[in-house]
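Below is one structure; the comments refer to it alone.
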Amino acid sequence: MEDCVFCKIVDGKIPSNKVFENDEILAFKDINPAAPIHILVIPKKHIKSINEIENKDEDLIGKIFAVIRDIAKEQGFADEGYRVISNCGINGGQEVPHLHFHIIGGKKLGDKIV
Ligand code: 5GP
Ligand code: ZN
């Protein structure tokens with residue numbers, strides 16, 4: 001999608017600090033980290049938010065969580081724990097309208113909402 005920041009990152013038009021990439025999924029470090037570990041995992045194809053996930057995307061979403069699991073293991077923070085967040089829409093505080101999953105960790109996280 002033309003005006004989408006994350007599509008531009010996928011296309012290499014905006015540089016990013018990549019953590020993982022395959023043909024469907026990209027993971028990169030958040031530009032404004034909220035914690036010592038803050039990685040964003042996105043589908044390469046433009047899906048606006050959780051609301052726009054289609055049933056045919058279920059494999060892709062499952063693969064995203066497998067990537068999250070592998071990143072946590074490979075980067076050595078799986079055992080200490082972390083949080084995965086996907087903000088959706090206005091009340092969710094979503095700023096970038098391209099589906100993404102924040103992996104946040106590296107410290108004991110506060111402000112637990114649920
Ligand atoms: P949201 O608020 O939509 O859930 O999260 C968007 C996240 O994307 C924010 O944490 C923000 O720091 C990050 N972000 C926005 N623009 C860029 C960018 O150009 N590069 C990277 N690496 N992260 C970005
Ligand atoms: Zn996009």
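Both counts, for ligands and for their atoms, begin at 1 and track the order of listing. What you see is a predicted model; the values in this text were computed from it and never measured.
Under 4.0 Å is where a charged nitrogen must lie from a carboxylate oxygen, and between Glu2 and Lys8 no such pair does. Residues Asp57 and Lys45 are paired through a salt bridge, judged by an N-O separation under 4.0 Å between the basic side chain and the carboxylate.
Phe77 places none of its side-chain heavy atoms less than 4.5 Å from the side chain of Asp79. Side-chain atoms of Tyr82 and Ile68, non-hydrogen and from C-beta on, do get closer than 4.5 Å to each other. Side-chain atoms of Ile39 and Asp30, non-hydrogen and from C-beta on, never get closer than 4.5 Å to each other.
Listed by chain and residue number, Ile47, Leu60, Ile64, His98, Leu99 satisfy the side chain to side chain contact (heavy atoms under 4.5 Å, CB included) test with Pro43 (two or more places apart in sequence, or in another chain). With sequence neighbours left out, Asn22 forms a side chain to side chain contact (heavy atoms under 4.5 Å, CB included) with Phe20, Glu24, Ile25.
Contacts of ligand 1 (protein heavy-atom distance under 4.0 Å) are Val5, Phe6, Ile9, Phe28, Lys29, Asp30, Ile31, Asn32, Leu40, Asn87, Gly93, Gln94, Glu95, Val96, His100, His102.
The environment of Asn91 atom CG is sparse: at most 12 non-hydrogen atoms of other residues, nucleotides or ligands sit within 6.0 angstrom. Around NZ of Lys44, the count of heavy atoms belonging to other residues, nucleotides or ligands within 6.0 Å exceeds 12.
Excluding waters, the protein N/O/S atoms found under 2.8 Å from the Zn ion (ligand 2) are Cys4 SG, Cys7 SG, His46 ND1, His98 ND1.
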